[in-house]
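Just so it is clear, the structure is predicted and the values come from calculations on it, not from any experiment.
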Amino acid sequence: MEAAACSTLHSLGFSRTLKPEIPKVFLSSNVFLSSSLRSLSLPSKNLRHQRFVSWSLPSERVGTASHQLAVLLEVEGVLLDVYRSGNREAFNIAFQKLGLDCANWTEPIYLDLARKAGGDEERMLKLFFNRIGWPTSLPTSEKENFMKSVLREKRKALDEYVMTKPLPLRPGTENFIDDALNEGIPVIVLTAYSRNGDKMARSVVEKLGNERTSKLKIVGEEEMEKSLYGQLIFGKGVSSSLDEELAREASKAASVEKQRIAKEVASILKLSVDIDTSSNERLKRIVVTLRAGAEYAGVPVQNCVLVAGSQSGVLAAEQIGMRSVVLRSSFTARAEFPSANAVLDGFGGADLTVLRLRNLLMF
């Protein structure tokens, strides 16, 4: 029944992710955070407000004016093909710890679920248990908490797996980073929106070695929230202007309206529907992380390129005018990335090199 509901809502256009309205950041030697003028239709009047605020960047965030390009790297699927190197095994360990003897994902099952769910691990679990049956003692109202507990155990298992096993980085990773650094290109590694957590992503980055990591910048959850843009969006440390508050409220209202309409349609069709609102929040965090990466690099967003392993990263980059190049992994081998500027199979050779990156993006 859930599958029927999802299919029906998709055909009616309710499955499309709402893109949050987020103000643009312009970077130079100073940062000017200026919110876009917005006109919101309220019951009695239209409100229009404008404010410009400027701060000086801390020295650690400022790149030299000569930088024309910055490279932002995702971790999962880019530095390490984590999906080939432990994610499936971590799920099976989680199943065992929770006493789910009927659940065991072989590689064909895992890849099939990953492809059908588009990388959404909660959806992978839902598809799997809809297929084989949910635990008999589990009330329907507890399915969400059950999936969260599986993912929590899976994350712990994957952390241990990655940190204790001698898993190799993708071939050519170190050479690509070294070439970029040698040309004076800022390299930013993004761990803030890693699906498997900031801690696991940082443990992968450590495989690059101390000397190399000392020359690049890691943007995790803390760095993302402390960035000027992060402070503006999440309301920590910087007072946002009235139009920012209005924009956030408008985004919340749109999400609520989406849920209301979908439930209304489901009621008419006598279907059970569970509306997922987490994707909108996740997209916002990715956008903030990408802008924070540009901020720490001291390079305008339009001069940055995201080397991505995920569809969500590509979509967020497109939303803010950042270019993106996808490196395929075992997880995305057959996926399509129409929004990316290029889709390649790995680092080096005929695939991704600094020279090819410059040629592709005309830098």
State plainly whether the residues [X] and [Y] are in salt-bridge range, i.e. N to O under 4.0 Å.
X      : Y      : result
Glu206 : Arg202 : no
Lys148 : Glu122 : yes
Glu225 : Arg285 : yes
Arg131 : Asp112 : yes
Lys284 : Glu281 : yes
Arg170 : Asp81  : no

Can any side-chain N or O of [X] pair as donor or acceptor with the backbone N or O of [Y] at less than 3.5 Å?
X      : Y      : value
Glu153 : Val150 : no
Glu76  : Ala201 : no
Gln311 : Glu336 : yes
Glu318 : Ser339 : no
Asn341 : Ser324 : yes
Asp351 : Leu344 : no
Ser194 : Thr191 : no
Arg123 : Lys116 : yes

Gap separating the [atom1] atom of [X] from the [atom2] atom of [Y], nearest 0.5 angstrom:
X      : Y      : atom1 : atom2 : answer
Arg212 : Thr173 : CZ    : OG1   : 9.5 Å
Asp179 : Phe347 : CG    : CZ    : 11.0 Å
Arg291 : Leu228 : CZ    : CG    : 13.0 Å

For [X], is the [atom1] atom crowded, meaning more than 12 foreign heavy atoms sit under 6.0 Å from it?
X      : atom1 : answer
Asn182 : CG    : yes
Lys207 : NZ    : yes
Asn359 : CG    : yes

Exercise: identify the closest heavy-atom pair between [X] and [Y]:
X      : Y      : result
Val354 : Ala180 : CG2-N, 3.6 Å
Ala340 : Val343 : CB-CG2, 4.3 Å
Met147 : Leu125 : O-CD1, 3.8 Å
Val219 : Ala292 : CG1-CB, 4.2 Å
Arg282 : Ser312 : NH2-OG, 3.6 Å
Val78  : Gly309 : CG2-N, 3.4 Å

Quick one, Arg358 with Glu183, criterion salt bridge (Lys or Arg N to Asp or Glu O under 4.0 Å). Give me CA distance, side-chain angles, the key distance, then yes/no.
CA-CA 12 Å; Arg358 288 189 182 279; Glu183 291 193 25; 3.2 Å; yes
If hydrophobic clusters are built from ILVMFWY residues whose side chains come within less than 4.5 Å, do [X] and [Y] share one?
X      : Y      : answer
Leu151 : Ile132 : yes
Ile185 : Leu181 : yes
Val301 : Ile286 : yes
Leu327 : Leu216 : yes
Leu80  : Tyr110 : yes

Evaluate the ring planes of Phe128 and Trp105, with Trp represented by its six-membered ring, and classify them as parallel (under 30°), tilted (30 to 60°) or perpendicular (over 60°).
perpendicular
What orientation do Phe95 and Phe129 show, parallel under 30°, tilted 30 to 60°, or perpendicular over 60°?
perpendicular
Compute whether any side-chain donor of one residue and acceptor of the other, for [X] and [Y], lie under 3.5 angstrom apart.
X      : Y      : answer
Asn145 : Glu142 : yes
Asn87  : Glu121 : yes
Tyr193 : Glu221 : no

Check the pair Glu74, Ser310 against side chain to side chain donor-acceptor pair (under 3.5 Å), reporting the backbone distance first and the verdict last.
CA-CA 8 Å; Glu74 290 187 353; Ser310 69; 3.1 Å; yes
Kindly determine whether Leu111 and Leu113 satisfy side-chain contact (heavy atoms from CB on, under 4.5 Å), including the steps that lead there.
CA-CA 5 Å; Leu111 292 176; Leu113 290 170; over 6 Å; no
